[in-house]
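Below you'll find the structure, written out as structure tokens, and then a few comments.
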Amino acid sequence: MSVRVRFAPSPTGPLHIGGARTALFNYLFARAHSGVFVLRIDDTDKERSTKAFEDDILDSMRWLGIDWDEGPDSSGDFAPYRQSEREERHRDAALRLLAEEKAFYDDEKVLRLRYPIGEVVVRDMVCGDCVFNMQSLGQEPALLRSNGTPTYHIASVLDDVEMNITHIIRGQDHLTNTAKHQVLFEALSGKVPTFAHLPLILGEDGSKMSKRNTEGLTTVTEFRDAGYLSEALINFLSLLGWSHPEELETLSREELLRSFDLGRVNQTAAKFEFQKLDFLNGWWIRNLPVEHVAREARAFVDDYSDLIDERGPEFWESVVDGLRGKLTRLSDMAAFGPLLFSLTPDIADDAREHFSEGDAHAGFLSVAKRWCELLAEVPLEGDRDCYTVEQFKKMTKILKKELDVDAKTVFQGLRVLVTGSLSGPDLQVLASSIQRSVLQERARSVVAAFSS
RNA sequence: GUCCCCAUCGUCUAGCCUGGUCCAGGACACCGCCCUUUCACGGCGGCGACGGGGGUUCAAAUCCCCCUGGGGACGCCA
């Protein structure tokens with residue numbers, strides 16, 4: 001029988017990063033086995049489920065590139081894929097169990113599963129055999145609430161049966177549920193799917209990747225808005241609890257599809273560390289095709305949208321290509337907006353201090369004077385409004401040759417005249433991306449600041 | 001508290017199933033050096049772990065037991 005797996009989030013919140021990892025592993029497992037990946041919306045909790053959250057979950061998965069074969073938005077042989085639309089089946093199944101004396105009503109009019117006496121063994125692809133004494137598992141799981149509506153337990157198991165789910169891949173926090181569900185599977189169909197419980201992802205403090213972590217990011221949307229690429233997130237998530245057979249670390253979606261193997265999933269909970277995610281994000285920013293990164297980066301320089309559009313598409317790509325070496329998150333791009341377009345750069349304190357007195361001050365002023373002259377003298381090429389990298393190089397050479405100032409002062413001075421700061425991205429890239437008129441205006445502004 | 005799961009560098013991990021090639025390998029972070037007229041990138045090197053105790057064995061990170069530590073589950077939530 002061919003592999004069928006499902007990811008079954010409940011739309012009571014946006015897609016959490018931990019849920020994304022579960023979805024990813026299901027997706028990779030399905031693809032690795034040429035199987036089917038089902039997205040099912042487990043919205044049995046009507047009070048807390050919303051369409052907005054469902055939309056967020058679908059959008060997040062699309063953004064991550066985790067696509068599904070059957071789901072609420074597509075027709076499939078097992079539709080509907082929203083549990084709220086399958087309520088009758090769930091209720092009927094629960095009542096059938098009651099008729100067969102496999103369930104019973106408690107004093108509160110809640111229908112509960114009847115436990116067998118003794119032990120249940122869960123055979124798990126990751127954890128091995130886990131033995132549970134059913135009597136130690138606490139209260140029997142509720143199947144129908146006192147108001148007659150089905151609960152997660154009956155809905156989930158019945159749907160897994162009806163949708164021919166062969167493998168259930170979910171977090172280890174479901175392990176005790178699985179013992180109960182296994183009883184339900186046997187009662188409902190006599191067949192039990194294969195289970196794989198993934199190790200949990202812990203927050204940096206070591207416990208539960210819960211509401212808040214050090215960076216305040218928990219949902220996929222939040223990570224996206226913070227400037228992470230889906231490629232980096234997928235890469236990072238894949239390495240939490242799993243490792244590549246050749247220990248490769250930077251893994252593309254294609255490589256993951258090629259090499260994923262549930263057998264290599266470990267059983268140890270992993271802490272979510274931003275340092276590694278940041279490293280991978282920077283790596284992907286540097287290694288993905290420029291067009292792709294340029295496109296993704298646009299969202300983070302929204303304030304300069306018009307100015308960027310005015311300069312044409314090639315401008316933006318060349319800027320991103322020149323500057324991406326310095327990026328960790330796409331949101332870092334925001335800082336480059338003013339660097340590219342502002343007419344009056346803020347002057348950094350250390351820059352002001354560095355050139356405020358003595359020889360440094362004198363040297364700086366002579367660089368500034370000559371720089372202003374060059375900006376007036378050196379013509380632009382063709383119909384360009386910026387100097388080329390070569391022209392800028394030539395101009396710095398002139399400064400170095402003509403002035404009785406050491407090279408360091410020339411370059412640092414130039415950097416301050418162009419950016420107002422002593423450090424920043426490659427000056428050649430930057431200077432050749434800034435319009436001459438802006439360069440002139442800035443030089444004037446900086447000189448004025450240093451003269452007063 | 002009860003039950004379940006887990007335990008290798010600060011972190012993610014390889015190795016463990018099929019004991020010896022492991023005085024434990026990689027990656028992130030950190031620290032040096034190189035590259036560089038800044039910062040990054042890149043290159044090279046360094047620091048750094050088998051939780052403890054018993055077994056089994058000629059031999060244990062690898063197998064068994066106990067302890068300790070960590071995590072999870074115990075809802076008319078999913």
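Here the structure is a predicted model, which is why all the values come from computation and not from measurement.
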Does [X] make a side-chain N or O approach to OP1 or OP2 of [N] shorter than 4.0 Å?
{"X": "A/R286", "N": "B/rG42", "value": "yes"}
{"X": "A/Q267", "N": "B/rC5", "value": "no"}
{"X": "A/R48", "N": "B/rA78", "value": "no"}
{"X": "A/R264", "N": "B/rG15", "value": "yes"}

Indicate, with yes or no, if the rings of A/F29 and A/Y27 have centres closer together than 6.0 Å.
no
Would A/F185 and A/H181 count as a close aromatic pair, with their ring centres under 6.0 Å?
no
Could you check whether [X] gets within reach of a base, just the sugar-phosphate, or nothing at all, counting any heavy atom under 4.0 Å?
{"X": "A/S423", "value": "base"}
{"X": "A/H197", "value": "nothing"}
{"X": "A/P425", "value": "base"}
{"X": "A/T44", "value": "sugar-phosphate"}
{"X": "A/G282", "value": "nothing"}
{"X": "A/V410", "value": "nothing"}
{"X": "A/S146", "value": "base"}
{"X": "A/N177", "value": "base"}

A/E247 (side chain) and B/rG25 (base): donor-acceptor pair under 3.5 Å
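Such a pair exists between side chain and base.
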Side chain A/D43 and base B/rA78 donor-acceptor under 3.5 Å
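By the distance-only test, no, there is no pair.
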Determine the Euclidean distance between corresponding [atom1] atoms of [M] and [N]; express it in Å to zero decimal places.
{"N": "B/rG42", "M": "B/rA24", "atom1": "P", "value": "27 Å"}
{"N": "B/rA40", "M": "B/rC23", "atom1": "C1'", "value": "38 Å"}
{"N": "B/rG48", "M": "B/rC31", "atom1": "C1'", "value": "12 Å"}
{"N": "B/rC50", "M": "B/rG10", "atom1": "P", "value": "9 Å"}
{"N": "B/rG75", "M": "B/rC12", "atom1": "P", "value": "30 Å"}

Interatomic distance, [X] [atom1] vs [N] [atom2] [rounded to whole Å]:
{"X": "A/D45", "N": "B/rC76", "atom1": "CG", "atom2": "P", "answer": "13 Å"}
{"X": "A/E273", "N": "B/rC9", "atom1": "CD", "atom2": "P", "answer": "13 Å"}
{"X": "A/E246", "N": "B/rA14", "atom1": "CD", "atom2": "P", "answer": "15 Å"}
{"X": "A/L323", "N": "B/rU38", "atom1": "CG", "atom2": "P", "answer": "17 Å"}
{"X": "A/F279", "N": "B/rC28", "atom1": "CZ", "atom2": "P", "answer": "5 Å"}
{"X": "A/N133", "N": "B/rC3", "atom1": "CG", "atom2": "P", "answer": "9 Å"}
{"X": "A/L248", "N": "B/rU13", "atom1": "CG", "atom2": "P", "answer": "17 Å"}
{"X": "A/Q412", "N": "B/rU36", "atom1": "CD", "atom2": "P", "answer": "17 Å"}

Polar contact flag, side-chain donor to acceptor under 3.5 angstrom, [X]-[Y]:
{"X": "A/D45", "Y": "A/S10", "result": "no"}
{"X": "A/N26", "Y": "A/H167", "result": "no"}
{"X": "A/D278", "Y": "A/T328", "result": "no"}

Assess whether side-chain hydrogen bond (donor to acceptor under 3.5 Å, both in side chains) is satisfied between A/R170 and A/T22, documenting all intermediate values.
CA-CA 6 Å; A/R170 63 200 335 185; A/T22 303; over 6 Å; no
Quick one: on RNA chain B, does A/V265 or A/L427 contact a more 5' nucleotide (nearest heavy atom)?
A/V265
Which of these, A/R40, A/R6, A/R4, A/R82, sits in a salt bridge (charged side-chain N to carboxylate O under 4.0 Å, His left out) with A/E70?
A/R4
Look at the side chain of A/Q172 and decide which nucleotide, out of B/rC76, B/rC5, B/rC12, has an atom nearest to it.
B/rC5
